[in-house]
Number of protein chains: 2
Amino acid sequence: MINRKVIKYQKYKTNRSFLSKLYVILNDNTYNDIIHWNNEGSKIIIINITRLCDVVLRKFYKHNNYSSFVRQLNIYGFHRSQGIIKDGVCFEHEYFNKKTTKEQINQIIMKDKKKKIFIGLF
Amino acid sequence: MINRKVIKYQKYKTNRSFLSKLYVILNDNTYNDIIHWNNEGSKIIIINITRLCDVVLRKFYKHNNYSSFVRQLNIYGFHRSQGIIKDGVCFEHEYFNKKTTKEQINQIIMKDKKKKIFIGLF
DNA sequence: GGTTCTAGAACC
DNA sequence: GGTTCTAGAACC
């Protein structure tokens with residue numbers, strides 16, 4: 001009974017994590033003109049920073065600060081990358097792409113807070 | 001004769017400095033829907049980051065990286081600030097406002113490169 | 001002196 | 001675990 005609660009809680013948490021939300025955003029065509037996968041599904045392209053802040057960040061992350069979004073990308077191990085010319089800002093991650101499963105996403109850990117995670121619930 | 005050359009060179013340089021360009025941008029109505037002074041002329045409001053990158057940064061700073069722009073603001077001593085609600089990103093500087101003269105702008109020095117400036121031409 | 005990308009650190 | 005603002009450091 002306790003285990004079931006823990007699992008439920010973990011699922012609840014992970015669906016609301018930075019990466020899970022990012023995955024939802026990227027696979028929602030609604031935001032295709034703001035942020036999307038590159039053709040190969042290997043990189044993230046931010047087309048419109050202004051609308052990313054006003055629409056996407058406000059809705060999913062409850063803020064509208066582009067710098068905070070980039071900080072989170074870095075904390076989770078994303079790197080700036082080169083997209084197609086005239087495209088927007090491009091980021092990529094070794095283990096985060098269009099084919100990554102939800103389970104795999106939940107296995108990606110933060111860069112500078114590893115300790116806290118290992119002594120935490122998991 | 002040498003002095004005149006030096007003065008000419010300094011004028012040439014300062015007109016192309018980060019702050020001088022920023023002052024030009026802020027006082028050009030062309031970019032009013034992208035970046036402008038607040039009503040009091042005391043703070044900088046960035047309305048549209050996307051167009052700031054695509055139009056203003058490309059033209060004046062030969063790049064289109066918002067993070068680089070913010071880095072420069074910090075190096076010159078600007079601080080994030082609060083604008084009117086629903087406004088964009090807001091920055092302010094103790095000595096940089098709408099009434100600042102070109103001469104005063106040229107007296108503002110960089111934060112972490114002070115040494116280099118003091119052993120330089122001036 | 002400017003550009004780029006990422007990290008520090010305090011706060012929540 | 002996320003948010004915020006600013007700084008480090010390497011490169012140009």
Side-chain angles (χ1 to χ4, degrees), chain A residues 9-10 12-22 43-44 46 52-53 56-83 89-94 105-122, chain B residues 9-10 12-22 43-44 46 52-53 56-83 89-94 105-122:
Chain A
Y9 178 66
Q10 285 182 358
Y12 173 88
K13 279 200 71 181
T14 52
N15 283 341
R16 278 160 180 69
S17 76
F18 174 79
L19 289 181
S20 300
K21 288 177 181 176
L22 182 60
K43 300 179 181 185
I44 296 170
I46 301 168
L52 180 82
C53 296
V56 177
L57 299 188
R58 270 192 208 284
K59 178 169 180 181
F60 288 87
Y61 300 110
K62 316 298 179 200
H63 69 80
N64 68 330
N65 191 330
Y66 176 66
S67 298
S68 300
F69 181 69
V70 173
R71 185 73 188 94
Q72 281 290 68
L73 288 174
N74 284 326
I75 285 174
Y76 276 98
F78 283 82
H79 295 279
R80 278 294 294 263
S81 176
Q82 289 305 311
V89 182
C90 183
F91 282 93
E92 65 179 316
H93 187 290
E94 192 178 2
I105 287 174
N106 293 338
Q107 285 169 18
I108 298 173
I109 53 175
M110 300 174 76
K111 251 189 188 176
D112 53 355
K113 294 189 177 177
K114 285 179 182 176
K115 284 176 193 170
K116 286 191 180 175
I117 285 177
F118 284 126
I119 60 166
L121 272 176
F122 294 84
Chain B
Y9 179 66
Q10 285 182 357
Y12 173 86
K13 279 199 72 179
T14 52
N15 283 342
R16 278 158 181 71
S17 76
F18 175 78
L19 289 182
S20 299
K21 287 177 180 176
L22 182 58
K43 300 179 180 185
I44 296 169
I46 301 168
L52 180 82
C53 296
V56 177
L57 299 188
R58 270 193 207 285
K59 179 170 182 182
F60 287 88
Y61 300 110
K62 316 298 180 199
H63 68 81
N64 68 329
N65 191 331
Y66 176 66
S67 298
S68 299
F69 181 69
V70 173
R71 184 72 189 95
Q72 281 289 69
L73 288 173
N74 284 324
I75 285 174
Y76 277 98
F78 284 83
H79 295 279
R80 279 294 295 263
S81 176
Q82 289 306 310
V89 182
C90 183
F91 282 93
E92 64 180 316
H93 188 291
E94 193 178 0
I105 288 174
N106 293 338
Q107 285 168 18
I108 298 173
I109 52 175
M110 300 173 76
K111 250 187 186 175
D112 54 355
K113 293 189 178 177
K114 283 179 182 177
K115 285 176 194 169
K116 285 191 181 175
I117 284 177
F118 284 127
I119 60 167
L121 272 176
F122 294 85

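Hydrogens, waters and symmetry mates play no part in the numbers below; they use all other heavy atoms, side chains included.
- If you look at B:F18 and B:F60, their ring centroids are not closer than 6.0 Å.
- Between C:dT6, D:dG2, C:dG1, one nucleotide has an atom nearer to the side chain of A:V70 than all others, and that is C:dT6.
- Every residue meeting the side chain to side chain contact (heavy atoms under 4.5 Å, CB included) condition with A:V70, not counting sequence neighbours, appears here in chain and number order: A:Y66, A:N74, A:F91.
- Within the nucleic acid shown, B:N65 comes within 4.0 Å of sugar-phosphate atoms alone, with no base atom in reach, counting heavy atoms only.
- Within residues 56-64 of chain B, no residue has a heavy atom under 4.0 Å from DNA chain D.
- The nearest whole Å value for the distance from the CZ atom in B:R80 to the C1' atom in D:dA7 is 16 Å.
- Under the rule for a side-chain hydrogen bond (donor to acceptor under 3.5 Å, both in side chains), the partners of B:E92 that lie at least two apart in sequence or sit in another chain are B:S81.
- One finds no side-chain N or O of B:H79 lying less than 4.0 angstrom from the OP1 or OP2 phosphate oxygen of D:dC5.
- At whole-Å resolution of the value, OH in B:Y66 and P in D:dT6 are 11 Å apart.
- If you measure from atom CZ of A:R71 to atom P of C:dC11, you get 16 Å, rounded to the nearest angstrom.
- Look at B:S67 and you won't find any side-chain N or O under 4.0 angstrom from OP1 or OP2 of C:dT4.
- Summary for the helix from C:dG1-D:dC12 to C:dC12-D:dG1: the axes at its two ends, each from 5 pairs, differ by 30° when rounded to the nearest 10 degrees.
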